[in-house]
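Quantities reported herein were computed from a predicted structural model and do not represent experimental measurements.
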Amino acid sequence: MLLINPQRNRRQQLGAFASYVPLNVPFGVGWLAGYLLHKGKSLVVVDEEITPITDDILEEYVRNATPPYIFGISCLTANIGRGYEIAQRIKEKYPYSTVIFGGIHPTVMPEEVFSNQAVDIVVRNEGELTLLELYETIKKGKDYSGLLGISYMDNGELVHNDARPLIDMRELPIFPYFLFEKYHSQYNFGFLSSSRGCPYECIFCSQRSITGKSFRFLPTDKTIETLDLIINKYKQRSIVFSDDNFIVNRKRVIELCDKIHKNRLNEKTSFMCQLRGDAVNEEMLDYLKKANFRSISFGIETASERLMVLLKKSEKVQDNINGIKMAKKHGFKVAGTFILGLPTETKEERQQAYNLAKELDLDYVRFNNAVPYPGTELYEIAKREGRLNTGKMWRNLNACGTLVGVINELPYVPTTCSERELMTDVFWYNIFYTLRPKRVLRLFYDSTSDTAGWLAFREKWYYRKEGWKNLLALISEVIANILRMGIYYLQYKFSLR
């Protein structure tokens, strides 16, 4: 099997910021590959973040594989268009192969996926168990139509088989970082995923379409073994837990922190994680501090209690304020994200978000524009309002697109403002907050502890010609975006008169 992580050109998605956003290994195809290898199956992984799919790569796989050929493509919404392009090329070259799509977008939009006739099967929800059965069934030339967790076309009719139960996390092997060692200099190996899912109902989160409201986590010993690998083999000195919500099960966090300390891993590296404000208390912060967690990221989202209710976050703005103040008192660096352009949001509420970030003196802030991903309640709201603007092949669905200057249209604009107004607010709040002198200096000498893995300068970048070239490109792009947004602001202001 050839497992593919399709990606548009990184610079098309991030602009000049691409040189500064850490590239972590692809967890989606990585977990699938690790599980199938653990079960003795043969496969190859290609991550287009590093190696774009070409005819040569497809031909090399076919030369070394035994028919029938199986191609698995794991797609997020932002890269579904690229996934379709790859599938089409595969079918043109190898019409009798089997092309399987999986991931969040195929799970929630199977009808769209099958409008592309190059796709044979969609694996819905989590893929490990289903893909293993598919692999074995297809290789044996048997009928796969009875398998749980798949969708397929039968005589022009779309068939959805019953869902498959979620995998027991104890069955998963250690994440296969070894598959990506060849490109160690390009990846940042300082990321790991130790849990899946979140029990909350935030209207903007698409992950729930895969995991529901369940929350599961790896056994603590397996997480410790993974950390030992990342720290001692791959020499990572700063590690990000990429879990959607790190503290859901307090008992597991306490056990994990105790074992990090017991194994003295805290002496070799520092850690970062993402929390909810209402999960923070003195005891939990003490355990995190003991394990050498230094940075915490909060999904603050808004400074409006009214909008917090609309978001269904099941917490209050004050919970975030209390949690952040408590974390700062314990000496943690604190990052925060806000979402601007929520349904019914007013300009005053956006201003409140910016003011709150300043009042809390957050070490790093990102103001994202609201993105209605398929499978979310926000997506349904945007459709009902007639204000969903996905762009060609979903390309507008980029939460950072306004900041990095790679999109000219927003995927959603509430009825309470214009697109130009929202774009300028998102852009200028990011610029005004980040370009304050002390924040800029921290990006140069202390970036990883402030940005929770979102933005980083390479170590001793100033000794490399490429480092200065990238920095000049970034400065030029930021200046160009400032001028562009300045024009947008004038257009918006002029239109009000």
Distance, nearest 0.5 Å, that separates CG of L227 from CD of Q236: 11.5 Å
Pair Y183, E49: side-chain N/O donor-acceptor within cut-off below 3.5 Å: no
R124/T107 under side chain to side chain donor-acceptor pair (under 3.5 Å): CA gap, chis, key distance, verdict: CA-CA 5 Å; R124 305 193 315 274; T107 292; over 6 Å; no
E85 with R82: basic N within carboxylate O range, under 4.0 Å: yes
Under-4.0 Å salt bridge between E181 and K233: yes
Validation row: F71, Y94 side chains within 4.5 angstrom (heavy atoms): yes
Verdict with reasoning, K316 to D278, per salt bridge (Lys or Arg N to Asp or Glu O under 4.0 Å): CA-CA 8 Å; K316 297 181 182 299; D278 60 1; over 6 Å; no
Parallel, tilted or perpendicular: ring planes of Y177 versus F175, cut at 30 and 60 degrees: perpendicular
D243 with R252: basic N within carboxylate O range, under 4.0 Å: yes
Euclidean distance, Y373 OH relative to C205 SG, rounded to 0.5 Å: 10.5 Å
Under 3.5 Å side-chain donor-acceptor pair for E112 and H105: yes
Ionic contact status for R395 with E409, cut-off 4.0 Å: no
Note: E201-K213 ion pair, threshold 4.0 Å (strictly below): yes
Residue pair P411 / N389, side-chain heavy-atom distance below 4.5 Å: no
Result of checking I70, L43, L58 against L2 for side-chain contact (heavy atoms from CB on, under 4.5 Å): L58
Carboxylate-amine/guanidinium contact K39 E136, below 4.0 Å: no
M153 atom CE, neighbour heavy-atom count above 12 within 6.0 Å: yes
Within-4.5 Å side-chain heavy-atom neighbours: Y412 and Y379: no
Aromatic ring pairing F246/F293, orientation class (parallel under 30°, perpendicular over 60°, tilted between): tilted
Note: E128-R196 ion pair, threshold 4.0 Å (strictly below): yes
Contact check, side chains of S193 and W31, non-hydrogen atoms, under 4.5 Å: yes
Point-to-point distance, once rounded to the nearest 0.5 Å, from OH of Y61 to OH of Y69: 8.0 Å
Side-chain ion pair, E92 and R89, N-O less than 4.0 Å: yes
